Amino acid sequence: MLRAIGATLAMGIAAAAILFGSAGRWDLPILWIYLALMLAASLVLVPLLARHHPGMLEERMRPGPGERDRATSLVLALGMPAIWTLTGLDLGRFHWSRGFPPGLQGVGLAGVLAGFWIAAWAMWVNPFFSSAVRLQDDRRQTLVASGPYARVRHPGYAGALLFTLGNSLALGSWWSLLPAVIVTAALVRRTQLEDRMLQRELPGYEAYARAVRFRLVPGLW
């Protein structure tokens with residue numbers, strides 16, 4: 001648990017360093033609000049998950065062997081730093097998005113919180129929730145079809161999509177939408193790749209996919 005909490009704090013420090021470093025100033029309330037909300041939510045969630053699924057947190061921090069999609073992993077690893085960097089440059093130095101609609105920021109913040117909650121729910125019910133695309137034979141992976149998985153096959157990615165796009169809107173930066181869209185495309189691609197892998201290799205998943213027809217958005221796709 002301590003290592004997971006330490007990783008969460010390190011991520012918060014890194015986010016603050018990138019945002020304020022690229023902004024070149026500290027007097028940006030929206031950045032403080034954003035960081036406080038994200039850090040508080042993470043510090044509540046991580047200890048709960050550490051008690052509920054300790055093996056899952058270890059898998060997320062250090063996935064086992066068999067990653068099938070290293071290219072997308074790289075895009076995802078660079079995506080949030082790119083969003084934070086462009087946000088800081090935009091809000092603190094160049095003011096490209098001056099006059100960004102406050103109402104749209106509210107929509108973005110709602111998307112961030114909704115995405116975080118959906119992903120957290122998926123992690124809570126799925127002990128095999130990994131940061132890698134791999135079949136976890138070493139952890140005796142089995143099918144999970146409860147909770148949000150009863151509505152869509154990949155609720156974790158659905159939450160990540162909401163979170164990613166919501167970030168740029170919540171922070172009030174049009175330019176940070178550029179890496180957000182790239183990350184979104186990478187997540188959609190990864191969803192397709194992982195879904196095909198699971199249908200081929202995870203017992204019961206093919207029948208589950210016929211019963212739960214939608215991958216990310218109920219009634220749509």
Side-chain angles (χ1 to χ4, degrees), residues 4 7 11 45-46 49 52-83 111-112 114-168 177-221:
M11 179 63 73
L45 177 64
V46 167
L49 287 174
H52 190 57
H53 290 314
M56 184 269 287
L57 277 186
E58 181 66 26
E59 167 68 20
R60 286 194 58 75
M61 289 189 294
R62 292 186 178 180
E67 167 68 84
R68 312 286 182 92
D69 190 22
R70 295 187 185 279
T72 302
S73 293
L74 179 61
V75 172
L76 299 180
L78 297 174
M80 285 309 301
I83 290 170
V112 167
F116 187 93
W117 181 82
I118 292 169
W121 188 16
M123 284 187 275
W124 187 261
V125 303
N126 184 3
F128 307 104
F129 195 105
S130 179
S131 57
V133 176
R134 74 183 194 95
L135 196 67
Q136 299 172 49
D137 291 326
D138 53 320
R139 301 185 63 226
R140 299 179 180 179
Q141 183 175 356
T142 56
L143 176 67
V144 175
S146 60
Y149 292 91
R151 301 297 303 276
V152 294
R153 304 202 297 269
H154 300 279
Y157 291 138
L161 288 170
L162 277 173
F163 182 88
T164 300
L165 292 172
N167 262 281
S168 297
L177 279 169
L178 292 175
V181 169
I182 294 171
V183 170
T184 296
L187 284 169
V188 171
R189 174 187 175 275
R190 171 166 279 210
T191 301
Q192 295 172 312
L193 188 154
E194 184 169 324
D195 200 76
R196 288 196 297 268
M197 178 198 75
L198 292 171
Q199 291 202 46
R200 287 193 310 266
E201 302 178 32
L202 183 65
Y205 193 89
E206 193 172 3
Y208 163 71
R210 289 195 297 269
V212 180
R213 296 187 297 120
F214 302 105
R215 294 174 182 171
L216 291 171
V217 183
L220 185 60
W221 186 76

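Keep in mind that this is a model prediction, so the values were computed, not measured.
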Inset, instruction - Tell me, yes or no, whether the heavy-atom count around Met61 atom CE, taken from other residues, nucleotides or ligands under 6.0 Å, exceeds 12. - result: yes
[atom1]/[X] to [atom2]/[Y] distance, rounded to the nearest 0.5 angstrom?
X	Y	atom1	atom2	result
Leu198	Leu135	CG	CG	7.0 Å
Leu187	His154	CG	NE2	12.0 Å
Arg215	Thr191	CZ	OG1	8.0 Å
Gln136	Phe129	CD	CZ	11.0 Å
Tyr157	Gln192	OH	CD	12.0 Å
Ile118	Leu162	CD1	CG	5.0 Å

Inset, instruction - Determine, for Glu201 against Arg196, whether the closest basic-nitrogen to carboxylate-oxygen distance falls under 4.0 angstrom. - result: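 No, this pair does not count.
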Legend entry - Electrostatic pair Asp69-Arg134, nearest N-O below 4.0 angstrom: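 No, Asp69 and Arg134 are not salt-bridged.
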Inset, instruction - Start with the C-alpha gap between Thr72 and Leu193, add the side-chain angles, then the distance that decides, and say whether side chain to side chain contact (heavy atoms under 4.5 Å, CB included) holds. - result: CA-CA 10 Å; Thr72 302; Leu193 188 154; over 6 Å; no
Is [Y] close to [X] at the side-chain level, that is, under 4.5 Å between some pair of heavy atoms?
X	Y	value
Leu143	Pro203	no
Tyr205	Arg153	yes
His52	Trp124	yes

Inset, instruction - Would you check if there is a donor-acceptor pair between the side chains of Ser130 and Arg60 at a distance under 3.5 Å? - result: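 Their side chains do not contain a donor-acceptor pair, so the 3.5 Å distance test is not met.
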Inset, instruction - Please report the C-alpha distance between Gln141 and Asp137 in whole Å, then the side-chain angles of each, then the deciding distance to 0.1 Å, and finally whether the side chain to side chain donor-acceptor pair (under 3.5 Å) criterion is met. - result: CA-CA 6 Å; Gln141 183 175 356; Asp137 291 326; over 6 Å; no
